[in-house]
Every structure is written in structure tokens, then in C-alpha cells.
Amino acid sequence: MCAVKLFLPSWNFFDDFAAVPMLEAAAVDGQEQSSDWRPLFGDYTTRSLARIFFNPKGNLDLLESSLVGRAADELEGLPDRTAILAGETYLCLTRLARQRWATLSESTATTRFRFRIVRRELHGPVEVVFESEPLATKGDE
Amino acid sequence: MNPLSVPEALALTQHVLGAGLLVQTGELLLARRIYGAGGALAGTTVLLGLVLRLLLAAILAFVTQPAGHPLGGLLHLALLASSVWLTIRSRGPVCGGSDSMFFQVQLGLTLAQLPFFGTSAGKVGLLWIAVQSVLSYFLAGLAKARNHRWWNGRALRSLFASNGPYVLLAAVRPWASKPALCAVLGWSTMAVELVLPAALIVPVEARLPLLALAGAFHLFNAAVLGLNRFVWAWVATYPALLAVGV
């Protein structure tokens, strides 16, 4: 399906910049959450103009963000949690969350964490789209 | 001033597209951890596919393909196949809109090599590219024009104050608290996008400043939002806009 869209582009983008799905994570101790939710994508401000010519990190961040966005849309359409956990999308999200969590300082002191996808309006409430079970910080579960 | 000839326009399109694909593939090679063990898109290795794509893009960027030459046709088909492979492997476009336009330009260049269009093949290919280009601007502009947040500046205020997914240039962050500036920028964006289709009907002399304005718009977005690939993808369509039309 994604390849079909290459042949039939919609050209309908950037029509608004409202609530964006974002990936957050928190440390888990036992079964209890032991830290606040932290965004897994870091600083969204730069002073670099060199990225006009070459921007590998920025485009990687965008690719991973778009995976989160597509996952949010997909997970909202699934009938139940069993269907979500059995899917490739959940596995993809888990790997992404684990890799990003490993870059945060809290990750070194914990062996378990959980992640969630939220939608945040600029000055509005947070909507939780999906929240994972506690996961090991290392591994491939 | 005369429009670009078909061979000139095809050659320019090839070189600009090739340069854009070199940038895209080079960036992906440096970011390929996403496809490696533990990465979000972990699976079979992409290194060989990306290196091959880089070589194909380099040929496109630096070697002019004569119209109708079978090797040229093979090159374009190989790049098309490579793009489809990359999209499937990445569970979707690797960079949204620019992937779509890169692909449409590649399609147009492939059409220009197909023998069953005869001597009109080049024009058919350029027309395809030109139509996709003006459609992209016009439909994007129309979608914005239908959203009151673009008219009152709120859409751009949200963007400049946002935390994701775009990494914003620090200098524009204060613009989030300037509603009049954001409204003017919004009107300007819509104006550029809605007016650009006129490039197909105005004299060539009038197309150049229009395309220069659009190119500046893409450079601005590259600086402010980090959307560098959009510059290459859309500028690759400009030779077609200078060659076709009434």
C-alpha cells in the first residue's frame, strides 16, 4: 500500500501543525512507574544552517517521528490490545523506544521501562493514544 | 526568450534529480542504524541496496543520458525499482513529500525513454513532471486556503512553538509570539503555491521569477524546518516547467 502511494501522491501536506503524536517513556521498578514521562525525541531547536545542504540526523529524526505518527493512526484503528501487541507496528515501536530510551540518562539505572504515544495540543490537554506494558531495556521482546 | 528544448530540459532534470538522490541516499547511509539490529526497521541489511542506489544516482547526476538510449531506460527503471524497494523496506516514505516528488520526476524521466511514445516521448515525460509539479503546489495551497488557521496566522504560530516533529531554526522560535508576521507568512505561502500553476501559461520570461520565488520558498523551508530534500525534489521539476506549457 505504501508503495502504491508513490504512484498516486496526494500532495496534501502541511495543511496544519496541530496535535502531533509523540513518543514518551518512563522508568519502571517492578510493576510501578518510577520516573516521570520523558520525551524520547530530544531538542527540536537548532542553530545550524549547514542542514540546508546535508541533514542526515534531522531526516532520521523525521523518519522515526513519521513512524510514530503512522503507528498512532494504525493502533487507534485496531480492535483490541491483543491485535496491537501481535502486530509488526508494535514491534517496530518497541525497538524504536528501546533504542531512544538507551540514550537517556535514566536508562542506565533501570532494567525496565514503558513507553507511550501521546498527542499534545500546544496549550491543551494530553491525549494518550497507547501505553505499553513494562519492557526490558535490553533485548528483543 | 525561448522555452528550454526537450533535450535540454531532460538533461537538466536528470542532473538535478541525480544530485537530490545522492543527498537522500548519502543521508540514509549515514543513518542506516534504523535498519540495523535493534533499530525501528530492523531486518535484512540495506547497505548493499543503498550503495547501489548511490551509484545509480551518481550516474544520473554526472552522466547525461541520451534520449531513447536503452541503457538510459534501464537506469531509470532501476532507480524506480530502488525507490519502491526503499519505501517498502521503510514501511512508508523515508521523507514524506520529497519522496513522492522524487518518484514522480523519476517516472517522468522513465516515460521520456519509452519507445512506444515515439518522438514525443520526451515531451510526454516532461509534461508528466510539469503537471505533478503544479498540482503539488496548487493542491497544497488549496488545502491551506481552506483552513482559517493559515489566514489568521495560528497554523504558523503553532509550528514555530512546536516540539516536534520538525527541528526548527532557533531564530524563528520568537515568531510564535508575532501573530501579524505569522499571518503574512501564511498568506505569502498560499500565494506562492496557488500562483505557481500560472507557470504553464505565462511567457518564459515571466516563469523565471516565479520559479526563483518558489525555489527561495523551498530554501527557506530547508533552513527553518530542515526540509533540505524538498529543494532538490521540486527544483528538479523546474526545467519541465520551462519547457512545456502554452
Side-chain angles (χ1 to χ4, degrees), chain A residues 1-3 5-18 20-23 39 41-49 51-70 88-89 91-100 102 120-123 138 140, chain B residues 23-24 26-31 33-34 38-42 83-84 87-88 90-97 99-101 103-104 107 132 135-140 143-144 146-147 149-150 155-159 161-171 173 219 222-223 226 228-229 231:
Chain A
M1 187 61 187
C2 54
K5 287 182 183 174
L6 277 179
F7 289 88
L8 301 170
S10 73
W11 301 135
N12 185 6
F13 41 78
F14 302 134
D15 58 338
D16 209 336
F17 305 102
V20 175
M22 304 185 67
L23 200 60
F41 287 78
D43 194 7
Y44 287 104
T45 306
T46 182
R47 296 186 189 282
S48 168
L49 283 175
R51 64 189 191 150
I52 293 176
F53 307 104
F54 199 60
N55 189 19
K57 182 184 180 309
N59 281 308
L60 175 60
D61 285 347
L62 268 178
L63 173 54
E64 292 183 336
S65 292
S66 70
L67 286 174
V68 173
R70 292 201 289 262
E88 180 68 25
T89 298
L91 186 56
C92 175
L93 271 180
T94 303
R95 289 191 292 246
L96 173 57
R98 188 173 276 130
Q99 199 170 55
R100 289 234 166 213
R120 284 180 185 280
E121 293 277 356
L122 192 54
H123 299 295
K138 288 180 174 34
D140 195 23
Chain B
V23 169
Q24 181 211 50
E27 289 176 346
L28 283 172
L29 272 167
L30 288 180
R33 69 163 175 80
I34 190 176
L41 298 169
S83 295
V84 172
T87 299
I88 293 172
S90 307
R91 296 167 60 88
V94 294
C95 190
D99 276 15
S100 297
M101 187 52 83
F103 194 82
Q104 293 305 314
L107 260 183
Q132 292 298 333
L135 267 180
S136 71
Y137 284 109
F138 187 75
L139 292 177
K144 292 180 180 75
R146 287 174 173 160
N147 183 344
R149 284 166 52 86
W150 275 93
L156 287 179
R157 291 183 70 191
S158 292
L159 173 64
S162 66
N163 280 313
Y166 306 104
V167 178
L168 290 168
L169 196 63
R173 286 288 188 190
L219 277 173
N228 59 315
R229 297 175 189 172
V231 178

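Keep in mind that what you see is a predicted model, and the values were worked out from it rather than measured.
Options A:Leu63, A:Thr89, A:Leu49, A:Asn55 differ in how many heavy-atom pairs under 4.5 Å they form with chain B, and the most are formed by A:Asn55. Per-residue counts of heavy-atom pairs under 4.5 Å with chain A were compared for B:Ala31, B:Gly38, B:Ala171; the largest is that of B:Gly38. When each of B:Met101, B:Gln24, B:Arg146 is checked for heavy-atom pairs under 4.5 Å with chain A, B:Met101 comes out on top. With chain A as the partner, the residue from B:Asp99, B:Leu107, B:Leu135 showing the most heavy-atom pairs under 4.5 Å is B:Leu135.
B:Glu27 and B:Arg229 are joined by a salt bridge, as a carboxylate oxygen and a charged side-chain nitrogen come within less than 4.0 angstrom of each other. A salt bridge between A:Glu64 and A:Arg70 is absent, with no side-chain N of the basic residue lying under 4.0 Å from a carboxylate O of the acidic one.
At distances below 3.5 Å, not a single donor-acceptor pair connects side-chain atoms of A:Arg51 with backbone N or O atoms of A:Pro56. With hydrogens and angles ignored, the 3.5 Å screen pairs a side-chain donor or acceptor of A:Arg95 with a backbone N or O of B:Gly39.
A:Val68 is listed as a side-chain neighbour of A:Phe41, based on a closest heavy-atom distance under 4.5 Å. A:Asn59 has its side chain out of reach of B:Leu28: every pair of non-hydrogen atoms, C-beta onward, lies at least 4.5 Å apart.
Interface remark: B:Val231 contributes no atoms to any contact with chain A (heavy atom separation under 4.5 Å). The parts of A:Ile52 that come within reach of chain B are both its backbone and its side chain, each placing non-hydrogen atoms under 4.5 angstrom from that chain. In this structure, chain B has a heavy atom under 4.5 Å from the side chain of A:Ser65, while its backbone stays farther away. With a 4.5 Å cut-off on non-hydrogen atoms, B:Leu30 touches chain A through its side chain but not through its backbone.
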